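Have a look at the structure below, then the notes.
Because only heavy atoms are used, hydrogens play no part in the values below, and waters and symmetry mates are left out as well, while side chains stay in. These numbers were taken from a predicted model, which means no experiment stands behind them.
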Amino acid sequence: MDKLSSSIPKVSRRAFLKGTTAGLATVASGVSLPFNVMASDKVKSAVENGEEKVIWSACTVNCGSRCPLRMHVKDGRITYVESDNTGTDTYNVDHQIRACLRGRSMRRRVYNPDRLKYPMKRVGKRGEGKFERISWDEALDLIAQSLKKNIAQYGNESIYLNYGTGTLGGTMTKSWPPSATMLARFMNCIGGYLNHYGDYSTAQIAVGLDYTYGGGWALGNGLADVENTKLIVLFGNNPAETRMSGGGLTYTIEQARERSHAKMIVIDPRYTDTGAGREDEWIPIRPGTDAALCSAIAYVLITENMVDQPFLDKYCVGYDEKTLPPSAPQNGHYKAHILGQGEDGIAKTPEWAEKITGIPAARIIKLAHEIGQTKPAYISQGWGPQRRSNGELISRAIAMLPILTGNVGISGGNTGARESAYSVPFIRMPTLSNPVKASIPMFMWTDAIFRAHEMTATTDGIRGVEKLTSPIKFIWNYASNCLINQHADINRTHDILQDENQCEMIVTIDNHMTSTAKYSDILLPDCTASEQMDFALDAFVANMNYVIFADQVIKPSFECRNIYEIMTALSERFDVKDKFTEGRTQEEWLRHIYQQSREQLPELPSFEAFRQQGIFKKVDPKGFYIAYKDFRDDPEKHPLATPSGKIEIYSERLAEIAKTWQLKQDEVIHPLPVHADSFEHFGDPLMQKYPLQLSGFHYKARTHSTYGNVDVLKAANPQEVWINPVDATPRGIKNGDLMRIYNDRGEVHIHAKVTPRVIPGVVALSEGAWYAPDEKGIDHSGCVNVLTTQRPSPLAKGNPQHSNLVQVEKL
Ligand SMILES: Nc1nc2c(c(=O)[nH]1)N[C@H]1C(S)=C(S)[C@@H](COP(=O)(O)OP(=O)(O)OC[C@H]3O[C@@H](n4cnc5c(=O)[nH]c(N)nc54)[C@H](O)[C@@H]3O)O[C@H]1N2
Ligand SMILES: Nc1nc2c(c(=O)[nH]1)N[C@H]1C(S)=C(S)[C@@H](COP(=O)(O)OP(=O)(O)OC[C@H]3O[C@@H](n4cnc5c(=O)[nH]c(N)nc54)[C@H](O)[C@@H]3O)O[C@H]1N2
Ligand code: SF4
Ligand SMILES: [Mo]
C-alpha cells in the first residue's frame with residue numbers, strides 16, 4: 001500500500017501548529033475568529049481593569065507532557081485559561097510550554113456536571129450507579145472500620161492500591177506509582193499494603209528490553225539528538241498525539257528534523273498524525289508482526305554484509321558462534337536463527353516476512369538497505385507495538401536493528417527504545433516504607449480477588465514472596481479509572497466485582513462520576529488541581545525540563561477535600577496523625593520540600609518568587625543525552641547491568657525461565673528475540689470466527705478517559721472506529737454508519753470512519769471513551785475495553801490491550 005500523500009494536503013510545520021490553536025478558539029466559542037484576536041484582547045483588558053486575577057496552575061494528567069495553565073479568576077470563578085507566557089520559540093533553550101486543547105479546556109473539567117460533590121455510599125448493585133449522600137465523618141468511619149476488619153482478618157496484604165494515573169504530575173497529589181502516593185504514606189503508618197509492579201503503559205517492553213540492556217529500564221537517546229541523525233525510523237511511535245504539548249516531544253522532533261533534514265519513516269498499522277504529511281514514508285504493518293519484519297531486515301543485513309561485526313563481537317552476547325554462551329544449544333545464536341540454521345530451520349527471508357507482515361518483500365529489502373547504509377540512524381519504538389500478547393519479543397526484536405548496525409551509544413543513533421528525558425533533581429514527598437513484601441503485576445488484580453491462593457512467582461509473576469497469602473479484600477482507587485474503563489475485559493471485571501463477599505470494599509477518590517466510581521462502595525470527592533497548591537513535574541521532554549508552581553486558583557468546590565486532608569482525617573482514626581503529617585500542613589510540606597530542592601538546585605528562586613513566576617525551566621547542562629555512551633566508550637569500565645555486562649541478544653536468564661515457568665501452549669518465552677505467534681494474533685485459529693484484528697491507540701481527544709466528558713473536545717474529536725474500504729465495502733459499511741463490533745467478551749456500537757489510513761484486516765479504536773452500557777451490557781460510547789482480554793502476556797504478565805480479534809457489521 002502506498003502512503004496517502006495525495007489525500008492529505010501538505011502544510012508547513014509552523015502553519016500546522018498554528019492551525020491547531022486557532023481550531024480551539026473556533027470550537028470552544030463557536031465563533032470563527034483567530035485565537036489571538038478573539039481571546040487575548042478581551043482577557044487583557046479585563047486583567048488591566050483589575051477585574052481578574054491570573055494564577056498559575058497546571059495540567060497534571062498522564063499524557064507524558066505536563067503543562068502550565070494560567071487561570072483567569074473573577075469573583076472566585078475560573079473564567080478563562082491560558083498557557084505559558086514565558087520563553088521563546090527556540091526549542092531546548094527556554095521554549096514556551098504551550099498546553100494542548102485538553103489543558104486549555106480545564107475550566108470545563110472543573111465545572112463539569114459530572115463533578116463528585118459530596119462523599120457518597122453505594123446503595124444499588126456495583127455498577128448501577130445508585131448512591132446516597134453521607135457526611136465526611138460517616139464515610140471515613142466506614143472506611144476505617146473496613147480497613148481494621150480486613151487487616152485483622154486477612155493482614156495488610158489484603159489492602160490493594162490500584163493503578164491510577166489521573167494526577168501523575170503532582171507532588172502531594174501524585175497518584176502513581178503506589179509507593180509515591182499519600183495513600184501509601186498513610187498505609188505505611190498502619191502496616192503497609194499490597195503493591196504492584198509494572199504499568200499499563202510499558203509492561204512488555206520494560207521486562208523485554210531489560211533482558212537485552214539490563215538495569216530495569218532500557219534507555220534511549222534524548223529526542224533532541226535527532227538533530228544529529230540522518231534517518232528516523234519510528235515503530236508504532238506517535239508523538240503528535242501522545243506527546244502533544246509545546247513541552248512535549250512532538251515539537252522537539254519537528255524542530256530537530258528542521259536542523260538535521262533526516263528522512264523519517266513511520267511504521268504503523270495506522271497513518272498517524274505524526275505522519276500527517278510530515279513523514280517521508282508510511283509503511284503500514286499488520287499489528288503484532290514487527291518482530292517478523294525486523295527478522296527479515298536482519299536477514300538482508302546479514303546476507304548483504306551490512307552488519308557492524310566489530311560492534312557485535314565486542315559489545316554483544318549471542319549474535320553468532322563466537323559470543324554464544326556455553327549453556328546455549330548448538331546453533332542457538334541469532335545469526336543461525338535468521339539464516340534458517342537454527343531450531344526451526346526457517347530462513348527469515350523478506351518473502352517469509354511478507355506473508356506475515358503484509359509488507360511487500362521488495363519494500364522490506366529497501367528498508368533494510370536504508371537502515372544498513374545510513375549512519376547514524378535513530379530507530380525507536382513507541383509502546384503500541386509492545387502492548388500485545390507477544391509484546392516482550394517484539395520490543396526486543398525492534399532493538400535488534402540498532403544493535404546489528406552499531407547505532408547504540410553514539411550521537412544520532414539510538415537503542416531501539418523510546419527516547420529518554422532530562423529531569424531536574426526536585427525532591428518528592430517522602431512516603432515511608434512498606435512492610436508488606438508482596439507485589440503483583442498491575443494487570444493481575446482482578447485475579448488476585450478470587451484466586452489469590454493459587455498465584456505464585458512462576459504461575460502469575462508474583463514478586464517479593466513465593467505466593468500470595470491473602471486475596472484482595474479492599475481496593476483504594478485514587479485518580480484511577482482502571483477499575484473499569486481502563487482495565488481490560490470490563491464484563492469479566494463486572495462479574496468478579498458483583499460478589500461483595502470477595503472484594504468487600506472499594507473506595508474511589510476522584511473528581512468525576514466515572515464508570516469506576518459507579519462500581520465503588522464509597523466515593524470521596526477530591527479537589528482538582530485548581531483547588532489546591534502543589535508542584536507539577538515529571539514531564540517527558542528532551543534537553544529542557546521544568547517545574548510548575550501549581551497554585552490554588554479557587555476554593556474547593558462543594559464538599560471536596562484534597563488527598564492530604566482526606567488521609568490526615570483518616571490517620572486520626574488510627575492514632576497515627578502525628579506520624580502521617582509530622583505536624584505539617586500541605587503548604588508547609590511544599591515549602592519544606594522546596595527548601596530541600598533548593599539545596600540540590602541552587603538556581604531555584606525563593607518560594608514566593610517561584611509562586612509569582614509560575615515555572616522554572618532548566619536546560620540539561622550535559623547537552624544531548626546519548627544512552628549507553630559510557631559503555632560504548634569503555635565497556636570494561638562501564639559494563640551494562642546485564643549478567644554478562646554486555647548487550648544480550650541471547651539471554652541465558654530467559655532460556656532458564658522458558659524451561660521453568662508454566663506456560664500455555666500458545667505462549668512463547670525465548671532466549672532470542674524471535675517472531676512468534678501468540679493469542680489473539682494474526683493467524684490465530686480464532687480468526688475463523690473473528691477475522692479482524694482490533695488495534696487500539698491513544699487519542700488526542702482525551703488523556704485516557706480524563707477530559708473524556710468535555711463537550712467541546714468530544715465535538716472536535718469524535719469517537720469512531722477506523723476501517724479500511726477493503727473491509728467496509730463488502731460489509732455495506734459507509735463512512736459515518738453505525739457499526740457493531742463484537743467478540744466473545746462483549747459488544748460495542750460506534751460510528752465508522754471508513755479510511756485508507758488503516759491497513760486492511762484491521763479496525764482501530766482509540767482507548768479511553770467513557771463506558772456507556774445499556775441494560776444488555778452493549779456499550780454505546782466506543783469503549784474498547786469491552787472487547788479486550790484479561791489474559792496476560794507470557795513473560796511480563798502484562799496487558800495485551802492492543803491484541804484483540806473481532807467481527808464487525810453494519811447496524
Ligand atoms: N484498551 C486499552 N486500555 C488501556 C490502554 C490502552 O492502550 N488500551 N492504555 C493503558 C494505559 S497506558 C494507562 S496509563 C491507563 C490509564 O488509566 P488511568 O490511570 O485510569 O487514567 P485515566 O483514564 O485518565 O483515569 C484517571 C482518573 O483520574 C481522575 N482524575 C483526574 N484528575 C484528578 C485529580 O486531580 N484527582 C483525582 N482524585 N482524580 C483525578 C479522572 O477523573 C479519571 O477517573 O489506561 C490503560 N488502559
Ligand atoms: N493525547 C494523549 N496522549 C497520551 C495518552 C493519551 O491517552 N492521550 N496516554 C499517555 C500514556 S499513559 C501513554 S502510556 C502513552 C502511550 O503511548 P503509545 O503506547 O506509544 O501509544 P499508542 O497509541 O498505544 O501506540 C502508538 C502507535 O503504535 C501503533 N501500533 C499499535 N500496534 C502496533 C504494532 O503492532 N506495530 C506497530 N508498528 N505499531 C503499532 C498505534 O497504531 C499507534 O499509532 O501516551 C501518552 N500520551
Ligand atoms: S493534556 Fe497533556 S499536553 Fe495537554 S495540556 Fe495537559 S499536560 Fe499538556
Ligand atoms: Mo500509560
Looking at [atom1] of [X] and [atom2] of [Y], how far apart are the two atoms once the value is rounded to the nearest 0.5 Å?
{"X": "Arg278", "Y": "Thr272", "atom1": "CZ", "atom2": "OG1", "value": "8.5 Å"}
{"X": "Glu279", "Y": "Tyr271", "atom1": "CD", "atom2": "OH", "value": "3.5 Å"}
{"X": "Lys348", "Y": "Ser295", "atom1": "NZ", "atom2": "OG", "value": "7.0 Å"}
{"X": "Ile649", "Y": "Tyr334", "atom1": "CD1", "atom2": "OH", "value": "8.0 Å"}
{"X": "His369", "Y": "Ile297", "atom1": "NE2", "atom2": "CD1", "value": "11.0 Å"}
{"X": "Thr165", "Y": "Asp199", "atom1": "OG1", "atom2": "CG", "value": "9.0 Å"}

Measure from the side-chain N and O atoms of [X] to the backbone N and O of [Y], and report whether any donor-acceptor pair falls under 3.5 Å.
{"X": "Ser83", "Y": "Pro68", "answer": "yes"}
{"X": "Asp684", "Y": "Phe679", "answer": "no"}
{"X": "Arg257", "Y": "Val226", "answer": "no"}
{"X": "Trp282", "Y": "Ala276", "answer": "no"}
{"X": "Glu354", "Y": "Ala361", "answer": "yes"}
{"X": "Tyr91", "Y": "Leu249", "answer": "no"}
{"X": "Asp727", "Y": "Gly761", "answer": "yes"}
{"X": "Tyr163", "Y": "Trp176", "answer": "no"}
{"X": "Glu680", "Y": "His802", "answer": "no"}
{"X": "Tyr628", "Y": "Leu219", "answer": "yes"}

Lys/Arg-Asp/Glu bridge criterion (N-O < 4.0 Å) met for Asp268, Arg757: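 A salt bridge is absent here (no side-chain N lies under 4.0 Å from a carboxylate O).
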Centroid separation Tyr625 to Tyr422 less than 6.0 Å: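 No, ring centres 6.0 Å or more apart.
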Sub-6.0 Å ring centroid separation between Trp722 and Phe697: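 Distance test on ring centres: under 6.0 Å, yes.
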Passing option when Ser766 is tested against His698, Lys700, Arg702 for side-chain hydrogen bond (donor to acceptor under 3.5 Å, both in side chains):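 Result: among His698, Lys700, Arg702, Arg702 is the only option passing the side-chain hydrogen bond (donor to acceptor under 3.5 Å, both in side chains) with Ser766.
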Assess the side chains of [X] and [Y]: does a donor N or O sit below 3.5 Å from an acceptor N or O?
{"X": "Asn785", "Y": "Gln801", "value": "yes"}
{"X": "Arg418", "Y": "Thr242", "value": "yes"}
{"X": "Asn238", "Y": "Thr274", "value": "yes"}

Worked verdict on Glu767 versus Tyr699 for side chain to side chain contact (heavy atoms under 4.5 Å, CB included): CA-CA 7 Å; Glu767 61 103 322; Tyr699 189 27; over 6 Å; no
Of all pairs that satisfy salt bridge (Lys or Arg N to Asp or Glu O under 4.0 Å), the ones with a partner from residues 288-309, not counting sequence neighbours: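 Passing the test, one end in residues 288-309: Asp308-Lys375.
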Side chain to side chain contact (heavy atoms under 4.5 Å, CB included) between Asp94 and Val619, worked out: CA-CA 8 Å; Asp94 72 339; Val619 176; 5.9 Å; no
Mind checking whether [X] and [Y] have side chains closer than 4.5 Å, heavy atoms only?
{"X": "Glu281", "Y": "Val266", "value": "no"}
{"X": "Asn414", "Y": "Asp225", "value": "no"}
{"X": "Pro177", "Y": "Tyr197", "value": "no"}
{"X": "Ile97", "Y": "Ser245", "value": "yes"}
{"X": "Tyr319", "Y": "Val307", "value": "yes"}
{"X": "Pro800", "Y": "Thr789", "value": "yes"}
{"X": "Ile359", "Y": "Ile285", "value": "yes"}
{"X": "Leu367", "Y": "Ile267", "value": "yes"}

Closest non-hydrogen atom pair, [X] against [Y]:
{"X": "Ser389", "Y": "Pro794", "value": "O-CD, 3.2 Å"}
{"X": "Glu227", "Y": "Ser260", "value": "O-CB, 3.2 Å"}
{"X": "Ala627", "Y": "Asn221", "value": "N-OD1, 3.0 Å"}
{"X": "Phe311", "Y": "Cys316", "value": "CE2-SG, 3.9 Å"}
{"X": "Tyr299", "Y": "Pro350", "value": "CD2-CD, 3.8 Å"}
{"X": "Ser65", "Y": "Gly248", "value": "OG-CA, 3.5 Å"}

Verdict with reasoning, Ser695 to Arg270, per side chain to side chain contact (heavy atoms under 4.5 Å, CB included): CA-CA 9 Å; Ser695 193; Arg270 297 183 308 125; over 6 Å; no
Aromatic plane relationship, His681 with His675 - under 30° parallel, 30 to 60° tilted, over 60° perpendicular: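 Because their plane-to-plane angle lies in the 30° to 60° range, the rings of His675 and His681 count as tilted.
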Side-chain donor-acceptor contacts of residues 207-216 below 3.5 Å, not counting sequence neighbours, with atom names and distances?
from, atom 1, to, atom 2, distance (Å)
Asp210, OD1, Gly215, N, 3.4
Asp210, OD1, Gly216, N, 2.8
Tyr213, OH, Thr415, O, 2.8

Quiz: residues 393-408 side-chain donor-acceptor pairs under 3.5 angstrom, not counting sequence neighbours:
from, atom 1, to, atom 2, distance (Å)
Ser395, OG, Gly391, O, 3.4
Ser395, OG, Glu392, O, 2.8
Arg396, NH1, His670, O, 3.0
Arg396, NH2, Pro671, O, 2.7
Thr405, OG1, Leu401, O, 2.6
Thr405, OG1, Pro402, O, 3.4
Thr405, OG1, Asn407, ND2, 3.0
Asn407, OD1, Ala377, N, 2.9

Cationic tip of Arg387 above Tyr200 ring, under 6.0 Å, 45° of axis: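 That pair does not qualify as a cation-pi contact.
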Residues Ile750, Ile741; criterion side chain to side chain contact (heavy atoms under 4.5 Å, CB included); working and verdict: CA-CA 8 Å; Ile750 193 74; Ile741 318 174; 3.7 Å; yes
Stepwise side chain to side chain donor-acceptor pair (under 3.5 Å) test for Arg388 and Thr289: CA-CA 10 Å; Arg388 300 197 159 273; Thr289 66; over 6 Å; no
